[in-house]
Amino acid sequence: MSSLKALLFDVDGTLADTERDGHRIAFNRAFADAGLDWQWSEQLYGRLLVISGGKERMEYYLRNYVAHGEPDPQLLALIPKLHTTKNRYYWDMLERGEIGLRPGVARLLRAARSAGLRLAIATTTTGTNVSTLLRSTLGEESLGWFELMATADEVSDKKPSPAVYEYCLDHLGLAAHECLAFEDSENGMAATRAAGIPVLITVNDYTRDGDYRDAELVVESLGEPQAPTRVLGGRAAARVAASVTVDLDLLRTLRAS
Ligand code: XBP
Ligand code: MG
């Protein structure tokens, strides 16, 4: 990847562990407020994550776990309102500082900026969810670090569709091989692969059992110099140490095939 020009970051699960202790809790609060007896346990939420997008996830749950067939139209119609309430609870949690960035994320973003690499966000969540997370973890100025925010506000087709990554390539004016994506899930990886963009996977508890054989590298996290991370697989795994800190030197050794 000698021609590496831009790093494209997924958000949920990649920049921060927002799912189990963030969105999930917020969904449950929204359900309770609406008088619904829906409760998404940690385990159930892991199964629901197969569907990207909060509104899509609720509809999937309604169809497959509540209605077992055609759902009550009134419940279907409630989904946008539930999503708005969920997001309000989610923002409250972020603003209270309850969710931090994953190891190595702030370090790598700062290093990339210093080196003149271009940065973009490629996510299926909304722009406000991204800006609230960035503001609460890295401060207001970090919103300006990203040349492009490709979110659900810009692209409605959700991962595994490559649409959000194609939008990035289009708007950055770059070829896929000039970019490296950071993802945490099979849906995210499928989106990058379909767009032809090499990907580094940082797994979390929900996603570690996925099939990431097409990734350039699979790691536990980005790691820190004082706390390196474990390499779990990927095409470049044999060429790097078993334990690494994901820094710019390492990224440049990854070669897309
Ligand atoms: C992850 C998602 C999102 C979040 C919830 O997006 O699938 O749906 O779970 O956010 P990514 P919304 O990993 O691409 O950042 O409720 O805003 O959809
Ligand atoms: Mg993700």
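Note that this is a predicted model, so its numbers are computed, not measured. When a ligand or atom number is given, it counts from 1 through the structure's own listing order. Any value given below was found using the heavy atoms of this structure, including those in side chains, with hydrogens, waters and symmetry copies removed.
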*With hydrogens left out, which residues have an atom under 4.0 Å from ligand 1, given that only heavy atoms count?*
Asp10, Val11, Asp12, Glu19, His23, Tyr45, Ser52, Gly53, Gly54, Arg57, His83, Lys86, Thr123, Thr124, Thr125, Thr126, Asn129, Lys159

*What protein atoms of element N, O or S are positioned under 2.8 Å from the Mg ion (ligand 2)?*
Asp10 OD2, Asp12 O, Asp184 OD1

Ignoring hydrogens and geometry, is there a side-chain-to-backbone donor-acceptor pair from [X] to [Y] under 3.5 Å?
{"X": "Thr245", "Y": "Asp247", "value": "no"}
{"X": "Ser3", "Y": "Glu178", "value": "no"}
{"X": "Thr132", "Y": "Asn129", "value": "no"}
{"X": "Arg102", "Y": "Gly13", "value": "yes"}
{"X": "Arg20", "Y": "Glu42", "value": "no"}
{"X": "Tyr45", "Y": "Ile25", "value": "no"}

_Test of understanding: clusters of I, L, V, M, F, W, Y form through side-chain heavy atoms closer than 4.5 Å, transitively. Do Val164 and Leu49 belong to the same one?_
no

*Do Leu119 and Leu7 have side chains that get closer than 4.5 Å, going by heavy atoms?*
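Result yes, sub-4.5 Å side-chain heavy-atom pair found.
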
*Do Asp214 and Arg235 have side-chain heavy atoms sitting under 4.5 Å apart?*
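Contact flag for Asp214/Arg235 side chains = yes.
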
